2 protein chains.
Amino acid sequence: MKYSSSKENYIKAIFHLQKSNESVSTNALANALQTKPASVTDMLKKLKEQKILQYERYKGVRLTAEGKKIALLIIRKHRLWEYFLVEKLQFGWEEVHEIAEELEHISSKKLIDRLDDFLGNPRKDPHGDPIPDANGKMPVLQQISLDSIELNKPMEITGIGNQTPELMELLQRTNIKIGSKLEVKKKFSFDNSLEIKMRNAAPFIISQFLAKNLLVKDEE
Amino acid sequence: MKYSSSKENYIKAIFHLQKSNESVSTNALANALQTKPASVTDMLKKLKEQKILQYERYKGVRLTAEGKKIALLIIRKHRLWEYFLVEKLQFGWEEVHEIAEELEHISSKKLIDRLDDFLGNPRKDPHGDPIPDANGKMPVLQQISLDSIELNKPMEITGIGNQTPELMELLQRTNIKIGSKLEVKKKFSFDNSLEIKMRNAAPFIISQFLAKNLLVKDEE
DNA sequence: AAATAAATTTAGGTAAATCTAAATTTTTTA
DNA sequence: TAAAAAATTTAGATTTACCTAAATTTATTT
């Protein structure tokens with residue numbers, strides 16, 4: 001199956017909006033896609049025909065298993081291209097999203113799998129978000145900064161994301177290493193940065209980008 | 001200015017069809033684009049509005065200077081992506097055209113200029129065709145196999161295209177080197193291969209791909 | 001529980017890029 | 001050079017992905 005760029009954008013937007021088991025509203029989608037609710041209704045009817053989603057009038061929408069798989073493969077493409085742009089073409093991580101929005105619609109599966117290998121099969125994109133594998137599976141990395149972050153809970157660093165020299169430099173400066181014990185003290189909604197307290201050290205603040213690259217487990 | 005993929009395909013097709021100063025016919029375009037003559041007429045009217053081409057009913061079409069510039073930048077993108085696919089992602093040269101047909105419509109200029117640098121500013125794509133620079137200028141490499149090839153004319157090798165190990169291997173085997181004197185004896189239209197005669201050696205046949213990588217000048 | 005507000009859908013249109021069939025112009029040929 | 005053939009254009013539809021305005025359904029308030 002091949003889908004238009006427009007349809008792919010709908011699928012991706014629904015995927016990002018449907019947390020847990022809530023269904024996604026027409027208005028929320030229209031807002032995310034910068035379009036009008038009436039246009040969304042039109043498109044949802046077409047995507048329903050193609051069994052990509054479950055949709056009933058006035059009841060909102062959810063992706064089917066098939067729809068989720070398509071979404072994950074689009075996200076895979078997006079994040080691998082972002083990684084390529086930053087690591088190989090020297091773009092800043094803040095300027096790659098827009099370009100990846102175009103590149104993610106290139107259809108060749110072989111291309112994206114080769115790109116994955118060429119890049120060394122990274123598991124996180126430059127923003128710290130996980131990259132699904134060729135089968136659409138997300139790597140199960142427990143990240144520090146989930147939406148449902150728990151404050152003051154003792155945790156231990158179990159690993160780090162992509163081990164780039166830039167990240168290593170920052171880890172060294174902040175003295176964060178595998179096995180370090182820490183607690184999150186506060187989340188600043190302004191920039192999603194976190195105040196953390198490491199054992200035997202003064203609290204300090206880290207960015208969301210660093211946080212997303214820290215893998216943790218509950219301390220035993 | 002940004003043009004739709006469809007318009008870009010028309011511009012590119014006209015560029016490839018307009019040799020010297022002939023104008024391109026509606027039928028030839030329809031054939032090249034796998035579409036119907038009526039559709040071509042429709043599109044030509046739109047592109048004329050945008051001053052991309054000169055068009056008069058029943059008289060065929062030519063690109064304006066502006067149109068040629070656009071065409072060259074699309075060709076630049078196409079060929080750089082082909083080079084990337086072959087040199088970095090290990091694709092065979094025969095399988096990259098289709099993928100590059102999609103990639104050539106990605107709009108970011110910065111992306112393509114960064115890609116050019118990343119690839120080491122190659123001047124020829126994997127098929128041996130020249131890659132225009134960021135300003136849309138074709139490198140002026142006199143190639144051996146132009147459409148207007150002259151038989152039995154003494155020529156001298158002045159350089160070679162992209163110096164890949166694979167090309168070097170073949171040059172060694174055929175004993176072609178800079179300074180070699182040769183004449184083209186015959187062109188086989190079946191596969192565009194050429195029979196060449198090097199001074200003090202028996203005539204032999206080379207492929208169009210090799211020929212395109214040989215730069216020549218007239219012997220003095 | 002009405003009444004009002006908000007969300008959503010339906011109805012009817014538009015622009016881009018196609019198409020088929022018919023009309024027109026150009027070219028070829030007898 | 002007139003007739004036939006080929007090329008091209010016009011006219012009128014179609015599909016996709018949008019839109020606005022009006023109607024309908026659901027949610028929220030008095």
Side-chain angles (χ1 to χ4, degrees), chain A residues 1-15 17-19 22-63 67 70-71 74 101-102 104-107, chain B residues 1-15 17-19 22-63 67 70-71 74 101-102 104-107:
Chain A
M1 304 302 136
K2 231 180 114 177
Y3 305 95
S4 67
S5 289
S6 183
K7 281 180 180 172
E8 289 193 346
N9 287 336
Y10 273 85
I11 295 167
K12 192 171 50 127
I14 296 166
F15 183 90
L17 288 172
Q18 67 175 47
K19 302 288 177 190
E22 297 146 46
S23 69
V24 177
S25 75
T26 301
N27 261 5
L29 258 177
N31 185 55
L33 292 164
Q34 295 279 63
T35 184
K36 295 291 179 291
S39 308
V40 172
T41 303
D42 283 354
M43 184 63 96
L44 292 183
K45 287 190 215 155
K46 290 180 207 159
L47 290 174
K48 185 188 180 178
E49 290 277 298
Q50 292 178 82
K51 316 241 190 236
I52 287 164
L53 44 79
Q54 291 170 276
Y55 165 67
E56 274 181 280
R57 289 156 69 251
Y58 300 103
K59 297 278 171 101
V61 69
R62 303 220 81 225
L63 292 178
I70 297 165
I74 300 165
E101 286 287 302
E102 283 187 66
E104 73 188 3
H105 301 298
I106 302 292
S107 59
Chain B
M1 307 299 138
K2 231 180 115 178
Y3 305 94
S4 67
S5 289
S6 183
K7 281 181 179 171
E8 289 194 346
N9 286 336
Y10 273 86
I11 295 167
K12 192 171 51 127
I14 296 165
F15 183 90
L17 288 171
Q18 66 174 47
K19 303 290 175 191
E22 297 145 46
S23 69
V24 178
S25 75
T26 302
N27 262 5
L29 258 178
N31 185 56
L33 291 164
Q34 295 279 64
T35 185
K36 296 289 180 290
S39 309
V40 173
T41 302
D42 283 354
M43 184 63 96
L44 292 183
K45 287 190 214 156
K46 290 180 207 160
L47 291 174
K48 185 188 179 179
E49 290 278 298
Q50 293 177 81
K51 316 241 190 235
I52 288 164
L53 44 79
Q54 292 170 275
Y55 165 66
E56 275 181 279
R57 287 153 72 249
Y58 299 104
K59 298 276 171 105
V61 69
R62 304 221 80 222
L63 292 178
I70 297 165
I74 300 165
E101 287 287 303
E102 283 186 66
E104 72 189 4
H105 301 298
I106 302 294
S107 58

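Because the structure is predicted, anything quoted here is derived from the model rather than measured.
Residue R57(A) places no side-chain N or O under 4.0 Å from the OP1 or OP2 atom of dT24(D). In this model, the phosphate group of dT8(D) is approached by a side-chain N or O of N27(B) to a distance below 4.0 Å at OP1 or OP2. In this structure, S4(A) reaches the dA17(D) phosphate: one of its side-chain N or O atoms is under 4.0 Å from OP1 or OP2. The side chain of S6(A) contributes no N or O atom lying less than 4.0 Å from OP1 or OP2 of dT16(D). Distances shorter than 4.0 Å separate some side-chain N or O of S39(B) from OP1 or OP2 on dC19(C). The phosphate of dA7(C) (OP1 or OP2) has no side-chain N or O of S25(A) nearer than 4.0 angstrom. The shortest distance between the side-chain N/O atoms of K45(A) and the OP1/OP2 oxygens of dT10(C) is below 4.0 Å. For dA23(D), the OP1/OP2 oxygens have no side-chain nitrogen or oxygen of Y58(A) closer than 4.0 Å. Between K59(A) and the phosphate of dA7(C), there is no side-chain N or O to OP1/OP2 separation shorter than 4.0 Å. One finds no side-chain N or O of Y55(B) lying less than 4.0 angstrom from the OP1 or OP2 phosphate oxygen of dT8(D).
Nearest heavy-atom pair across E104(A) and K12(A) is OE2-NZ, 2.9 Å.
Distance, K46(A) NZ to dT9(C) C1': 15 Å, rounded to whole Å. Atoms CE (M43(A)) and C1' (dC19(D)) sit 14 Å apart, rounded to a whole Å. Atom pair K48(B):NZ and dT9(D):P shows a separation of 11 Å (rounding to whole Å applied). Rounded to an integer number of Å, the gap from Y10(A) OH to dT16(D) P is 14 Å. Separating the CG atom of N9(B) from the P atom of dA17(C) is a distance of 11 Å, rounded to the nearest angstrom. In this structure, Q50(A) atom CD and dT15(D) atom C1' are separated by 13 Å, rounded to whole Å. Regarding L29(B), its CG atom lies at a distance of 15 Å from the C1' atom of dT9(D), rounded to whole Å. Protein atom CG of N31(B) is 11 Å distant from nucleotide atom P of dA7(D), rounded to whole Å.
For the pair D42(A) and T41(B), nearest-nucleotide mapping onto DNA chain D gives the more 5' position to T41(B).
Side chains of I70(B) and L63(B) form no contact here, defined as non-hydrogen atoms less than 4.5 Å apart. A heavy-atom distance below 4.5 Å is not found between the side chains of H105(B) and H105(A).
The CG atom of N9(A) sits 11.0 Å away from atom OG1 of T35(A), with the distance rounded to the nearest 0.5 Å. For the atom pair CD of E102(B) and OG of S107(A), the computed distance is 3.5 Å after rounding to the nearest 0.5 Å.
The K7(B) side chain lies nearest to dA17(C) when the options are dA17(C), dT9(D), dT9(C).
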